[in-house]
Amino acid sequence: MTAALPAPSTSVPGKTLGIVGVVLAFLAPPLGLILSIVAKVQSKGAGVKNTPATAGIVLSILFIVGFIVVMVTVGCTLFSQCASYGPGVHELDNGTILTCG
């Protein structure tokens, strides 16, 4: 009589965390990046591929860079408007209040 061997595990270490990282890449990119990196390290340690973790890393980086580009663009626009109006509080044509210091 021989003992039955346990069935091999089909789950990929870090895959669930990689999927969570992809979702968070859209909602909170810095957190998505961190979780995706952790998932990638877990999978790499087990010697398996983790596509969701890789996608989470790429998407998070793209969204973080995009956010930085938008913020720099908005900042430059506000800076140029303040340069043309001068210091003080100004009401623009569209009703927006611009405070320059």
Side-chain angles (χ1 to χ4, degrees):
M1 199 164 162
T2 61
L5 296 174
S9 176
T10 58
S11 68
V12 175
K15 187 169 184 177
T16 303
L17 194 57
I19 293 169
V20 172
V22 169
V23 171
L24 286 175
F26 293 96
L27 303 175
L31 187 57
L33 179 62
I34 292 167
L35 290 181
S36 295
I37 290 171
V38 169
K40 185 79 169 176
V41 168
Q42 287 179 352
S43 297
K44 191 173 184 178
V48 293
K49 187 176 177 184
N50 190 342
T51 305
T54 303
I57 291 168
V58 170
L59 288 172
S60 294
I61 290 171
L62 288 175
F63 284 123
I64 290 169
V65 169
F67 177 78
I68 291 170
V69 168
V70 167
M71 295 312 295
V72 167
T73 303
V74 168
C76 288
T77 302
L78 290 175
F79 182 75
S80 67
Q81 285 183 340
C82 281
S84 64
Y85 285 110
V89 178
H90 309 281
E91 184 174 351
L92 305 180
D93 294 335
N94 62 4
T96 303
I97 303 297
L98 178 65
T99 305
C100 303

- Compare every heavy atom of Thr99 with every heavy atom of Cys82, then report the nearest pair and how far apart it is. SG-O, 4.2 Å
- Query: Will you find, in the side chains of Lys15 and Ser43, an N or O donor that is under 3.5 Å from an N or O acceptor?
  - Reply: no
- Should we count CG of Asn94 as having more than 12 external heavy atoms under 6.0 Å? yes
- Message: Could you measure the distance from the CG atom of Leu27 to the CZ atom of Phe63? Nearest 0.5 Å is fine.
- Response: 9.5 Å
- Following the transitive rule for hydrophobic clusters with a side-chain heavy-atom cut-off under 4.5 Å over Ile, Leu, Val, Met, Phe, Trp and Tyr, establish whether Leu33 and Ile68 coincide in one cluster. yes
- Task: Search all heavy atoms of Ala53 against all heavy atoms of Ala39 and return the closest pair with its distance.
- Result: CB-CB, 3.9 Å
- Taking all non-hydrogen atoms of both residues into account, name the closest pair between Gly21 and Ser36 and its distance. CA-OG, 3.4 Å
- Message: Show the nearest heavy-atom pair for residues Ser84 and Gln81, with the distance to one decimal.
- Response: OG-O, 2.9 Å
- Interatomic distance, Ser60 atom OG to Ile34 atom CD1 [nearest 0.5 angstrom]: 9.5 Å
- Query: Should Ile64 and Met71 be regarded as members of a common hydrophobic cluster, given that ILVMFWY residues are connected when their side-chain heavy atoms come within less than 4.5 Å of each other, either directly or indirectly?
  - Reply: no
- Query: To the nearest 0.5 Å, how far apart are CD1 in Ile57 and CG in Leu62?
  - Reply: 12.0 Å
- ILVMFWY cluster, Leu17 and Val41 together (side-chain gap under 4.5 Å): no
- Message: Membership question, hydrophobic clusters at under 4.5 Å side-chain separation (ILVMFWY): are Leu31 and Val20 in the same one?
- Response: yes
- Item | Single-linkage hydrophobic cluster Leu98~Val74, side-chain heavy atoms < 4.5 angstrom | yes
- Is a donor on one side and an acceptor on the other found under 3.5 Å between the side chain of Asn50 and the backbone of Gly14? yes
- Item | Considering all heavy atoms, the nearest Val48-Pro13 contact | CG2-CD, 3.9 Å
- Work out which heavy atom in Leu59 is nearest to a heavy atom in Ala25; give both atom names and the distance. CB-CB, 3.8 Å
- Item | Non-hydrogen side-chain atoms of Leu92 and Tyr85 separated by less than 4.5 Å | yes
